[in-house]
*Asks:* 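Got a structure for you, questions after.
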Amino acid sequence: VQLQASGGGLVQAGGSLSLSCVASGDTFSVYAMGWFRQSPGKERELVVAVNWSDGSTHYEDSVPGRFIIFLDKNENTVLLQMNSLKPEDTAVFYCAAVTHIFRQGSRWPFKMPYEYEFWGRGTQVTVSS
(Lines give C-alpha, C1' and ligand atoms only; values in the text may rest on other atoms or scores of the structure.)
Protein backbone atom coordinates (compact mmCIF):
# COMPACT_ATOMS: atom_id res chain seq x y z
CA VAL A 1 0.00 0.00 0.00
CA GLN A 2 1.28 3.42 -0.95
CA LEU A 3 -0.03 6.61 0.59
CA GLN A 4 0.13 10.02 -1.04
CA ALA A 5 -0.66 12.93 1.24
CA SER A 6 -1.29 16.44 0.05
CA GLY A 7 -2.65 19.70 1.31
CA GLY A 8 -1.45 21.67 4.27
CA GLY A 9 0.24 25.02 4.17
CA LEU A 10 0.13 28.25 6.10
CA VAL A 11 -3.05 29.64 7.61
CA GLN A 12 -3.97 32.19 10.24
CA ALA A 13 -5.46 31.13 13.53
CA GLY A 14 -9.14 30.44 13.17
CA GLY A 15 -8.75 29.44 9.55
CA SER A 16 -9.28 26.14 7.81
CA LEU A 17 -7.20 23.69 5.82
CA SER A 18 -7.84 20.31 4.31
CA LEU A 19 -5.52 17.38 3.87
CA SER A 20 -5.94 14.52 1.46
CA CYS A 21 -4.45 11.05 1.55
CA VAL A 22 -4.84 8.75 -1.42
CA ALA A 23 -4.08 5.07 -1.02
CA SER A 24 -2.92 2.94 -3.92
CA GLY A 25 -1.69 -0.59 -4.40
CA ASP A 26 -3.32 -3.34 -2.39
CA THR A 27 -6.08 -1.14 -1.01
CA PHE A 28 -8.38 -4.11 -0.46
CA SER A 29 -6.12 -5.07 2.40
CA VAL A 30 -6.57 -1.78 4.23
CA TYR A 31 -8.41 -2.07 7.54
CA ALA A 32 -8.01 1.45 8.86
CA MET A 33 -6.27 4.73 8.22
CA GLY A 34 -5.24 7.50 10.49
CA TRP A 35 -3.89 11.02 10.51
CA PHE A 36 -1.03 11.70 12.88
CA ARG A 37 0.84 14.89 13.61
CA GLN A 38 4.23 15.64 15.00
CA SER A 39 5.41 18.96 16.37
CA PRO A 40 9.08 19.77 16.91
CA GLY A 41 10.38 18.03 20.00
CA LYS A 42 7.22 16.02 20.46
CA GLU A 43 6.24 12.48 19.70
CA ARG A 44 4.02 11.63 16.79
CA GLU A 45 0.42 11.56 17.97
CA LEU A 46 -2.85 10.40 16.52
CA VAL A 47 -5.34 13.04 15.45
CA VAL A 48 -8.11 10.91 14.03
CA ALA A 49 -8.56 7.41 12.63
CA VAL A 50 -11.19 5.82 10.42
CA ASN A 51 -12.10 2.18 10.15
CA TRP A 52 -12.54 1.21 6.51
CA SER A 53 -14.65 -1.81 7.40
CA ASP A 54 -17.53 0.00 9.04
CA GLY A 55 -16.70 3.69 8.67
CA SER A 56 -16.37 4.24 12.40
CA THR A 57 -14.09 7.04 13.48
CA HIS A 58 -12.01 7.92 16.50
CA TYR A 59 -10.98 11.48 17.32
CA GLU A 60 -8.43 12.39 19.92
CA ASP A 61 -9.54 14.79 22.63
CA SER A 62 -7.57 17.71 21.23
CA VAL A 63 -9.57 18.01 18.02
CA PRO A 64 -13.23 16.89 18.30
CA GLY A 65 -15.56 19.35 16.70
CA ARG A 66 -12.74 21.11 14.85
CA PHE A 67 -11.39 18.34 12.66
CA ILE A 68 -13.53 16.09 10.50
CA ILE A 69 -12.43 13.01 8.62
CA PHE A 70 -14.11 11.84 5.44
CA LEU A 71 -13.61 8.44 3.87
CA ASP A 72 -14.23 7.88 0.17
CA LYS A 73 -13.60 4.20 -0.43
CA ASN A 74 -14.45 4.50 -4.11
CA GLU A 75 -11.50 6.86 -4.50
CA ASN A 76 -9.39 5.22 -1.77
CA THR A 77 -9.12 8.65 -0.25
CA VAL A 78 -9.26 10.00 3.25
CA LEU A 79 -9.79 13.71 3.72
CA LEU A 80 -9.11 15.64 6.87
CA GLN A 81 -10.97 18.91 7.14
CA MET A 82 -9.43 21.12 9.80
CA ASN A 83 -11.40 24.10 11.07
CA SER A 84 -10.80 26.71 13.74
CA LEU A 85 -7.11 26.04 13.58
CA LYS A 86 -4.92 27.09 16.46
CA PRO A 87 -1.19 27.85 16.56
CA GLU A 88 -0.73 24.70 18.63
CA ASP A 89 -2.01 22.69 15.67
CA THR A 90 1.20 23.55 13.84
CA ALA A 91 2.87 20.26 12.98
CA VAL A 92 3.85 17.90 10.24
CA PHE A 93 0.83 15.75 9.47
CA TYR A 94 1.15 12.15 8.34
CA CYS A 95 -1.41 9.70 7.03
CA ALA A 96 -0.99 6.05 7.85
CA ALA A 97 -2.67 2.76 7.07
CA VAL A 98 -2.95 -0.62 8.69
CA THR A 99 -3.94 -3.79 6.88
CA HIS A 100 -6.18 -6.61 8.02
CA ILE A 101 -3.19 -8.87 8.54
CA PHE A 102 -0.98 -6.33 10.31
CA ARG A 103 -3.73 -5.41 12.78
CA GLN A 104 -3.79 -8.91 14.27
CA GLY A 105 -3.50 -8.53 18.00
CA SER A 106 -4.50 -4.86 18.02
CA ARG A 107 -7.95 -3.58 18.85
CA TRP A 108 -9.72 -0.69 17.20
CA PRO A 109 -9.18 2.20 17.54
CA PHE A 110 -5.53 2.13 16.67
CA LYS A 111 -3.90 5.06 18.40
CA MET A 112 -0.20 4.32 18.37
CA PRO A 113 2.21 4.81 15.47
CA TYR A 114 3.52 1.26 15.84
CA GLU A 115 0.06 -0.05 15.08
CA TYR A 116 0.24 1.33 11.56
CA GLU A 117 2.07 -0.40 8.76
CA PHE A 118 2.27 2.14 5.96
CA TRP A 119 3.02 5.84 6.06
CA GLY A 120 2.74 8.70 3.68
CA ARG A 121 5.18 11.58 3.48
CA GLY A 122 4.45 14.29 5.94
CA THR A 123 2.82 17.55 5.00
CA GLN A 124 3.46 20.74 6.94
CA VAL A 125 0.62 22.63 8.55
CA THR A 126 1.54 26.00 10.01
CA VAL A 127 -0.96 28.13 11.91
CA SER A 128 0.09 31.69 12.61
CA SER A 129 -1.25 33.67 15.54
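Just so we're clear, the structure is a prediction, and the values are computed from it rather than from any experiment.
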*Asks:* Using side chain to side chain contact (heavy atoms under 4.5 Å, CB included), reason through Val22 and Leu3 one step at a time and then give a plain yes or no.
*Replies:* CA-CA 6 Å; Val22 180; Leu3 302 176; over 6 Å; no
*Asks:* Taking Leu46 as the starting point, is it possible to reach Val92 by hopping between hydrophobic residues whose side chains are less than 4.5 Å apart?
*Replies:* yes
*Asks:* To the nearest 0.5 Å, what is the distance between CE on Met33 and CG on Leu71?
*Replies:* 8.5 Å
*Asks:* Hydrophobic clusters here meaning ILVMFWY residues chained together by side-chain heavy-atom distances under 4.5 Å, can you tell me if Tyr94 and Met82 are in one?
*Replies:* no
*Asks:* Could you check if a side-chain atom of Gln4 sits within less than 4.5 angstrom of a side-chain atom of Arg121, using non-hydrogen atoms only?
*Replies:* no
*Asks:* Report yes if the side chains of Val30 and Val1 come closer than 4.5 Å at any heavy-atom pair, otherwise no.
*Replies:* yes
*Asks:* Distance-only, no hydrogens or angles: does the Ser29 side chain make a donor-acceptor pair with backbone N or O of Asp26 under 3.5 Å?
*Replies:* yes
*Asks:* Could you please spell out the steps behind the side chain to side chain contact (heavy atoms under 4.5 Å, CB included) verdict for Lys111 and Glu45?
*Replies:* CA-CA 8 Å; Lys111 302 181 183 181; Glu45 63 176 5; over 6 Å; no
*Asks:* Nearest 0.5 Å, what's the CD-CZ distance between Glu60 and Arg37?
*Replies:* 9.5 Å
*Asks:* Holding to ring-ring contact (aromatic ring centres under 6.0 Å, His included), I want the full list of residues that pass it with Phe118, two or more places apart in sequence or in another chain.
*Replies:* none
*Asks:* To the nearest 0.5 Å, what is the distance between OG1 (Thr77) and CG (Asp72)?
*Replies:* 6.0 Å
*Asks:* For residues 7-20, which residue pairs qualify under side-chain hydrogen bond (donor to acceptor under 3.5 Å, both in side chains), counting only residues two or more places apart or in two chains?
*Replies:* Ser16-Asn83
*Asks:* Is any side-chain heavy atom of Leu79 less than 4.5 Å from a side-chain heavy atom of Leu19?
*Replies:* no
*Asks:* Any donor-acceptor pair under 3.5 Å linking the side chain of Ser39 with the backbone of Lys42?
*Replies:* no
*Asks:* Should Ile69 and Leu17 be regarded as members of a common hydrophobic cluster, given that ILVMFWY residues are connected when their side-chain heavy atoms come within less than 4.5 Å of each other, either directly or indirectly?
*Replies:* yes
*Asks:* Run the side-chain donor-acceptor check on residues 122-129: report pairs under 3.5 Å with partners two or more places apart or on a different chain.
*Replies:*
from, atom 1, to, atom 2, distance (Å)
Thr123, OG1, Gly7, O, 2.7
Gln124, NE2, Ala91, O, 3.4
Gln124, NE2, Thr126, OG1, 3.3

*Asks:* Going by disulfide bond (SG atoms under 2.5 Å apart), name the pairs with one or both residues in residues 4-123, residues two or more places apart or in two chains.
*Replies:* Cys21-Cys95
*Asks:* Can you pull the ring pair (Phe, Tyr, Trp, His ring centres under 6.0 Å) pairs that have at least one residue in residues 21-41, sequence neighbours excluded?
*Replies:* Tyr31-His100, Tyr31-Phe110, Phe36-Tyr116, Phe36-Trp119
*Asks:* Going by the ring pair (Phe, Tyr, Trp, His ring centres under 6.0 Å) test, which pairs reach into residues 42-93, not counting sequence neighbours?
*Replies:* none
